[in-house]
Each structure stands twice: as C-alpha cells, then as structure tokens.
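Take a look at the structure set out below.
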Amino acid sequence: MASLSLEKKLFLTLVLLLGIWVSQSWSRSLYEATMNEKHEMWMARNGRVYKDSAEKDKRFKIFKDNVEYIESVNRVENRPYKLGINEFADQTNEEFQASRNGYKRLSNERSSQTISFRYENVTAPASMDWRKKGAVTPIKDQGQCGCCWAFSAVAAMEGINQLSTGKLISLSEQELVDCDISGEDQGCNGGLMDDAFEFIIQNKGLTTETNYPYQGSDGTCSKNKAASHAAKITGYEDVPANNEAALLKAVTKQPVSVAIDAGGSDFQFYSSGVFTGQCGTELDHGVTAVGYGTAADGTKYWLVKNSWGTSWGENGYIRMQRDIDAPEGLCGIAMESSYPTAA
Ligand SMILES: *[C@@H]1O[C@H](CO)[C@@H](O)[C@H](O)[C@H]1NC(C)=O
C-alpha cells in the first residue's frame with residue numbers, strides 16, 4: 001500500500017464511499033419495500049381499504065411508525081409482555097383512544113362515599129378464572145364506539161346472573177347505549193359502569209344480546225326490547241378504593257367491573273404476557289376483571305376481559321400485573337371498581 005500514489009488512494013476512497021452509499025440506499029429501499037409489503041399484507045388480512053392514495057400514504061406512515069415501535073419494544077429482553085401488529089396498527093394512539101376509550105370518572109363526591117363491603121371477610125384462593133366456571137361470555141367487540149362502560153357493566157352482570165341462576169346469558173350492550181341516556185351515560189360518547197347498573201335496576205332488568213343486538217353506534221331506544229327482561233340485578237356496590245386486596249376478595253366472588261388507564265401505545269398493541277405498563281392512572285377505559293393468578297416467573301396478575309375483539313391481546317384478554325407498590329394498582333385498576341348484586 002505504501003507504494004500507491006495519492007491519486008490512486010483518492011480513487012480507492014471514492015470507490016469505497018460510493019459502494020457504501022449504494023449499499024445503504026439499496027437496503028433502505030429494500031426496507032421500505034418490506035414495510036410496504038407488510039402494510040399490504042396487513043391490509044389484506046384486516047380487510048382494510050383506503051379511500052385514495054393520499055389516505056393510504058398517511059396510513060402507511062402511521063403503520064410504519066407503529067411497527068417500528070412494536071419491534072423496538074419486543075427487542076427489549078426480559079420484558080414480561082409482547083406487543084403485536086394487530087388490527088389497530090394504522091391508527092395513532094390519539095385516534096385509537098378517541099374512538100374506543102369512553103370511561104368517565106366518578107365524581108369526587110361519589111367516589112369518596114363510605115360503603116359497606118360485603119366481601120371484606122372473604123379468603124381468596126391462589127387463583128381464580130371465572131371463564132372456567134362458565135360465568136364469562138365470549139369476547140365481544142365494541143368497534144369504533146366509546147361504550148366500553150356498557151361492555152364492562154354487561155360482562156359483570158352476565159357473571160352475577162350465571163352465579164345466581166346457573167345460566168350464562170349474553171346480554172345487550174346496545175340497550176344501554178340506546179336507552180340509558182337520561183343520566184351521565186352517553187352511548188358511544190362515554191359513560192360509567194355504576195350508572196349502567198343504576199339504569200338496569202330502574203329498568204328492572206336487561207334483555208339479551210340476541211334480542212337487542214350490538215350496532216356499534218348510537219340508536220333510538222326500543223322500548224319494546226328494553227321491556228323484555230332476560231336477567232335482573234338488585235343493586236351494585238363499589239369495591240373499597242385503592243385497595244388491591246379488597247379487589248381480590250371481590251373478584252374471588254364474582255366478575256368485577258374495573259376502570260383502567262388504557263391510554264398508551266403498549267396497551268393498544270398488547271399481544272401477550274403479563275402487562276407491566278406503560279400506563280398512568282387517568283382512568284379512561286372500562287373492562288372486567290374475571291380472575292387472577294401468578295405467572296410462571298412469579299409475577300402476579302389480574303385476568304381482564306376486554307371488548308376489542310379476539311385479535312387483541314391473549315384472545316381478547318389481558319393479564320395485568322397485580323399487587324404493585326402503588327395503592328391505585330397498575331393503570332389505576334383498583335381505583336373505581338364495582339360489582340352488581342343479585343340478592
Ligand atoms: C367480618 O367479620 C367481622 C368480625 O367477625 C364482622 O364484625 C363483620 O360483620 C364481618 N363483615 C361482613 C361483611 O360479613
């Protein structure tokens with residue numbers, strides 16, 4: 001090499017730089033192609049059609065950001081949960097939250113009420129899964145309607161109804177969306193599980209899913225359908241707040257409506273494992289705790305039924321870390337939970 005002239009050295013350096021540039025842009029366009037293919041495959045699998053190419057470009061960029069985020073999270077070793085490129089992969093987290101999360105916080109006055117807790121002396125077994133006891137209907141899908149509160153309340157009511165009558169009956173969320181409108185509940189624009197229980201008590205029952213099927217949008221109340229009662233509750237109670245031990249006792253006895261902060265991207269793309277965050281305590285989503293247990297690595301979890309279809313999470317369920325240091329629980333799960341009573 002020492003004998004090379006300056007010109008030759010310069011020439012070789014140029015060739016080398018050119019080579020690097022070519023190979024980099026080649027791999028970048030290959031990467032874009034793969035990402036494009038991924039998007040096309042994802043569109044086909046999810047039956048997604050965009051109205052024009054501008055919309056497609058916009059959705060592709062969001063999809064790409066989400067896929068990169070999901071892959072970066074999944075690369076972290078020892079993270080107890082995985083994310084997946086699910087059917088929500090072309091929505092930003094803001095869009096996703098706006099279309100699905102419709103839990104309204106309890107007013108301070110109501111959330112600080114002192115209540116008697118009927119399960120205070122319950123001894124909780126090591127694990128519980130109400131699905132195995134036949135008290136949980138199949139996963140439902142709220143679609144783009146912020147009525148999580150109705151799905152949460154109905155799932156808890158389906159549970160207590162099965163426990164008190166021995167019959168598992170899928171009940172109507174649409175009845176709540178259409179008819180429970182004189183109080184704070186506002187169909188697809190959000191509501192509260194407690195107010196749903198209140199409505200069901202005053203209405204003297206709730207009809208079946210089959211009789212009053214889910215539409216995914218606000219409709220006019222069918223008084224006829226709402227007058228046909230398939231199940232009843234006699235009351236509801238709030239679980240003592242910020243107390244995971246109390247929540248555990250309640251879930252030992254029946255499926256319980258819980259409010260959580262489901263606002264983060266990790267929640268949007270949760271796919272499996274025990275979810276350990278990220279989330280805060282800005283309660284915005286109503287779901288149902290249908291059990292609890294301990295994972296193989298010793299992490300305790302809540303078994304939670306969601307209403308985002310079966311392609312999200314573990315066939316529609318999420319296991320959320322239980323017994324964390326904060327009294328509110330992970331994502332605020334112990335802050336505003338309640339259960340209907342049947343006697
Ligand atoms: C729990 O046990 C205590 C002590 O025996 C009793 O005073 C209380 O009434 C019990 N609570 C319920 C809800 O049964």
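Indexing begins at 1, ligand by ligand and atom by atom, following the structure's order.
A cation-pi contact, defined as under 6.0 Å to the ring centre and within 45° of the axis, links K225 to Y212.
Remark: aromatic rings of F197 and Y339 are distant, center separation not under 6.0 Å. The ring of H285 has its center no closer than 6.0 angstrom to the ring center of F151.
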Worked verdict on F88 versus W312 for ring pair (Phe, Tyr, Trp, His ring centres under 6.0 Å): CA-CA 9 Å; F88 312 124; W312 180 87; 7.9 Å; no

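With a heavy-atom cut-off of 4.0 Å, Y119 does not touch ligand 1 at all.
Distance remark: protein heavy atom not present below 4.0 angstrom from atom 9 (O) of ligand 1. Protein heavy atoms are found less than 4.0 angstrom from atom 2 (O) of ligand 1.
Ranking protein heavy atoms by distance to atom 6 (C) of ligand 1, first place goes to N121 ND2, 4.2 Å.
For ligand 1, the atoms lying closer than 4.0 Å to a non-hydrogen atom of F117 are 13 (C).
Taking a cutoff of 4.0 Å between a charged side-chain nitrogen and a carboxylate oxygen, E173 and K140 qualify as a salt bridge.
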